[in-house]
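Letters A, B, ... are given to chains in the order of the sequence lines, protein chains preceding strands, and every chain is numbered from 1. Note that the coordinates shown come from a computational prediction; the quantities given were computed from them, not determined experimentally. No hydrogens, no waters, no symmetry mates; every other heavy atom, side chains included, goes into these values.
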Amino acid sequence: MFEAVDSKMNFPEMETGILKWWNENQIPDKYMAKNEDSDKRYSFIDGPITANNRMGVHHAWGRSYKDLFSRFRTMQGYKQRYQNGFDGQGLWIEVEVEKELGFTSKTDIEGYGIDKFVTLCKERVQRFADVISEQSKQLAYWMHWDNSYHTMSDENNYTIWHFLKTCHERGLLYEGTDVMPWCPRCSTGLSEHEIVTEGYVETEHPGLFVKFPILDSDSETPEASLLIWTTTPWTLSSNCAAAVNKDMDYVKVKQDHGYLYLAKSRISSLAGDHEVVSELKGSELVGLNYEGPFDELPAQEGVKHRVVAWDEVSETEGTGIVHIAPGAGKEDFALGKREGIPTIAPLDDLGDFVEGFDWLTGLNVYEVNDKIYESLKSKGKFYRLERYKHRYPHCWRCGSELVFRLVDEWFIKMDPLREPISRVTQNIRWVPEFGMKRELDWLRNMDDWMISKKRYYGLALPIYKCSCGNFDVIGSEKELEERAVEGWDEFEGNSPHKPWIDSVKINCSSCGEKVSRVSDVGNPWLDAGIVSFSTLNYRHDKNYWKDWFPADWISESFPGQYRNWFYSLLTMSTVLADSEPCKNIFSYALMRDANGEEMHKSKGNAIWFEDAADKMGVDAMRWQFASQNPASNLNFGFGSADEVRRQFLIPLWNVYSFFVTYANIDKFDPDTQSPDMLDRAELDRWILSELNILVQTVTDNLENFRPERVTREVEEFIEYLSNWYVRRSRRRFWKSGLLTGGAADSDIDKLSAYTTLHEVLMTLIKLMAPVIPFVTEKMYQNLASKFSFGRESVHLEEYPISDESLIDQGLTERVRLAMQLSSMGRSARSKAGIKVRQPLQELFVKTRNASELDMLGLIEDQVLDELNIKEIKPVDDASEIVTFRLQPNLPLLGPKYGRGVAAIREALEQADVDSVRTAIESGSTVDIAGFELSPEEILVNADELEGYSTSTDGGYAVGISTEISDSLKDEGLARELVHSIQNVRRAAGLEISDHIDLFVNGSAEILRVVGNFNDYVLQETLASEVILGESLDDSYSESYELEGEQVTISVRKSD
RNA sequence: GGGCCUGUAGCUCAGCCCGGUUAGAGCGCAGUCCUGAUAAGACUGAGGUCCCUGGUUCGAGUCCAGGCAGGCCCA
């Protein structure tokens, strides 16, 4: 016996129960131990999740993929590592801890104590790692949760040391300068990435116009100046050049007593009267020398200001002449490097002016604008000031305006690596395919990789820089110990983080001087990029590493990762192993809300993972995730989850519930011998054929990372199963008959139906278990676990393998034809307004071709029964009621005749339809426009069936005769009666299997029909006899009007 | 400015790789039916310049080129 199934399933509630059961019975552990001894390996390397906050629904999407493919391979018998990863070093963590402590700047941290601060960072990571682990379990993400790797681990950090040392040995590591966005308040640089995400804010700035007097003005225009424009007046202090676009048109204008140069298209920025004196190209200005705005400052001493050419100068704003301060602007710095312009860096790390700026020194960048205007005015260089609104980068932590500041940073050279990494990139299969193009494009454009950050909690860069100019890079903890000349004892036992690591000093390998580590920490993408080595024990057990590297696949959301994780993985595995880190990269887009808007906590449209899991259910989420085309954004919401429930989970559950209900009534035992395939009904063989086709395609699509096709195919199969197999089989389950297999009185057809449906459900749930682990487990527990063939859990099962001997292509085609014709028949009935309960005499059918015509005999019974019609007639027997049309079979004719197709098409329209049709039906060729066409090269379509209610679709036509004879009418009435009796049974609260006493009272017409159809009524309603003309007081009664006749029906449960 | 992606019904999308007869699904809307799976199910209807232009081809939603619009990345 099976456990009775609640037809109104509350899926989230069920999931909670399953989760508990898994836990109590250690199913995840048994699952992960299942293939311990297998020779087949499937290697997955987890992209570490940032353990800085709770997990959101968008993480659940990615984790569902990871779990799906893991489960699929587990069921296929592959040994795996099941290791989750947590990312937990870097500014992200620092920022949150600073918030907790109410800190606003680096000085707060230093005052608090770096050791205590770093310890809090580590604790926060551990705290959220625990939270995420618990959330992941609710998602049924099965990993070794007590064996997750951490990027903050010693092993991870020391493996990065090894990487950096390798880079150094190849001459790839260098210290350089760059201009970076910098927050003066937080006193740190921000990466471009941190600005791009949410850093730009609409801001009002001064738009300041300044005159740069030309030094070598000709005698005709003695007082000529360049007119420039800037929104950051403080940068004028460090001006070293002015840039023009050499192809743009410029003008010289006379105003008051002097002359100004600016772009012709920007004349509108002039104030007051002016007169254009001459026009010139930008190239004519290049090379001119001018007097800078702050030449009197000591820092400006010796700087020769000149005009340079720059293609980036545009006509959209300003004056078309751009002030260049290489020490205070990113693009300026790049241009300065190319043109050999001196670099003056005005600001320290708090945004204060440094020594060498005279009266500016010590002032903060935020408070100097007015003083700058005054100074310019006193020197006659001020032109005018306007207000200017634009989007400008701000610190995403504290909201301060950023400045651009020159800093010393450590870099890995990209040029020597560009080609090798590109080669490795092309060895990987990227899903979606365009991933490779994007990665290659990034690699082509990638600048040297800046790996340092001036913060506290992160990888300690193992670089020891000596004042002699040499620097040493340490490659391991062992090497550090060997080279330590001071502080090792103090450090020993601590993690290699600041401040502990910095007690250790070594001697410079060049001059022997004692040196300290540089104070920088590492870029966090080093942390995540090393994991294909660090997590596979690369340093201590190369054989183990070789067993699992390169990984079979990795997976992460693609926006951002081409330049982050994918990039760092590729770089590090190219340098260390000259190999791809993985064979497949499966990536997916972004999650949006139901309306396609970005999810934001502040907007109120974010969905918490727990809410989603509790309300919509994890299976509904996971099915939706799997259904999504990973290349496009996922619009996620409660509505779409409910759709999954209604469209997919409930139909599936209904089939299961149907099976269990009747299997229990008939005491079906799946452990008894199953009927031989030859003894099974055609319907059974058909659904098994469809099932095995499904197993093939699903397996293929999972092996090729196409989960979205899997869900489509399964949904289609369930449609067949529910709306054809079960519906067509219902009577086979209802009918009386015993299931004692093999006994003389056993009903082999009934047994065959039960066995087949059970087999189908078993295979189906195994097939879907990786996607929807809960509902499949629930069903498996009932359908399999307690029987001899069952295992403890569906997740300890093997993945189904298609039995090709059960695939019958002809059968599949036939049944699909039957479904097609039935659907069209229903359509024709619907158009005529005739209910299916009313029997009809004839169904006319026009098929597409002769072979389908031949099939008709085999599917006749199904179609007639489905449509409640007496006989089927091929339409060719009634050609007077249909208009035929000839069409060329283009896929056949096209390749064969090419240009001739046009002539054939035309000739077919003119041809005599009946004679051509007769000819091709007898199998002979036809001469059309001089071409000898075979029967299959011509298609015959029916347009309509006149006088009948018809339906046409794709070459098929179906029609019903709408004439209803007296006997058909009686039969229809009998069915109406049975229908009413069933309603009364149900209203009386009787069980499906209860037998009844039945009383029918009503008009003479009703009584006549009941009498005529006595046996039919008894059989359908499980009545022992029909008693006419009365009803009893102790029975349940209802009255109806059927076809204009009054009837009262009474039932009671018989003894 | 360069690279990549997307554009199909009111909405969300499939189909395109590998060209073929009348372009599909779900949601929504209007209606009908069925009901011994029933807080389900089936059917019908309205709704489409498959972004535009050109090319290749007997034939283009599908392939090619050039645009347009939106998105992402880089500069």
Please state the C1' separation for the pair B:U12 and B:G20 - nearest whole angstrom. 29 Å

Between B:U8 and B:A69, how far apart are the C1' atoms? Round to whole Å, please.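 Approximately 16 Å lies between the C1' atom of B:A69 and that of B:U8.
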
N-O pairing of [X] and [Y] below 4.0 Å:
{"X": "A:D619", "Y": "A:R645", "answer": "no"}
{"X": "A:R985", "Y": "A:E1038", "answer": "no"}
{"X": "A:D642", "Y": "A:R646", "answer": "yes"}
{"X": "A:R975", "Y": "A:E1020", "answer": "no"}

I'd like to check the side-chain contact (heavy atoms from CB on, under 4.5 Å) partners of A:L886; sequence neighbours left out, ordered by chain and number. A:L908, A:A911, A:V913, A:V916, A:I938, A:V940

Please list, pair by pair, any protein nitrogen or oxygen found under 3.5 Å from a nitrogen or oxygen in nucleotides 57-60 of chain B.
unit_1	atom_1	unit_2	atom_2	d
B:C58	OP2	A:R899	NH2	2.8
B:C58	O4'	A:G898	O	3.3
B:C58	N1	A:G898	O	3.3

Quick one: which residue pairs count as a salt bridge (Lys or Arg N to Asp or Glu O under 4.0 Å) with a foot in residues 651-663 of chain A, not counting sequence neighbours? none

Hey, which of A:W653, A:F2, A:F733 is the one that makes ring pair (Phe, Tyr, Trp, His ring centres under 6.0 Å) with A:F658?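 Output: one option passes, namely A:F733.
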
Generate the contact string for nucleotides 1-8 of chain B. Rules: B means base contact, S means sugar-phosphate contact only, - means no protein heavy atom under 4.0 Å. -BSBS---

If the sugar-phosphate is the primed atoms plus P, OP1 and OP2 and the base is the rest, what is the B/S/- string for nucleotides 25-34 of chain B, using protein heavy atoms under 4.0 Å? -SS-----SS

So what does [X] touch, heavy atoms closer than 4.0 Å: a base, only the sugar-phosphate, or nothing?
{"X": "A:E1020", "result": "base"}
{"X": "A:W653", "result": "nothing"}
{"X": "A:R985", "result": "nothing"}

Would you indicate, yes or no, if B:A14 has its OP1 or OP2 atom less than 4.0 angstrom from a side-chain nitrogen or oxygen of A:N629? yes

B:G36 phosphate, OP1 or OP2, under 4.0 Å from A:R986 side-chain N/O: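 It does, given that an N or O in the side chain of A:R986 lies less than 4.0 Å from OP1 or OP2 of B:G36.
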
Quick one: does A:I324's side chain get under 4.5 Å of A:W310's, heavy atoms only? yes

Parallel, tilted or perpendicular: which describes the rings of A:F566 and A:Y562, with under 30° parallel and over 60° perpendicular?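 The arrangement is perpendicular - the two ring planes meet at more than 60°.
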
Tell me whether the side-chain N or O atoms of A:S722 pair up with the base of B:A37 as donor and acceptor below 3.5 Å, since no angle test is needed here. yes

Does any donor atom in the side chain of A:Y656 or A:N782 lie under 3.5 Å from an acceptor atom in the other side chain?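 Looking only at side-chain atoms, A:N782 and A:Y656 do form a donor-acceptor pair, the distance falling under 3.5 Å.
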
Given atom CD of A:E716 and atom P of B:G15, what is their separation to the nearest angstrom? 14 Å

In whole angstrom, give the distance that lies between atom CD of A:E713 and atom C1' of B:G24.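 Interatomic distance, CD of A:E713 to C1' of B:G24: 16 Å.
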
Side-chain donor-acceptor distances from residues 887-906 of chain A under 3.5 Å, at least two apart:
unit_1	atom_1	unit_2	atom_2	d
A:Q887	OE1	A:N941	ND2	2.9
A:N889	ND2	A:E936	O	3.0
A:K896	NZ	A:E937	OE2	2.9

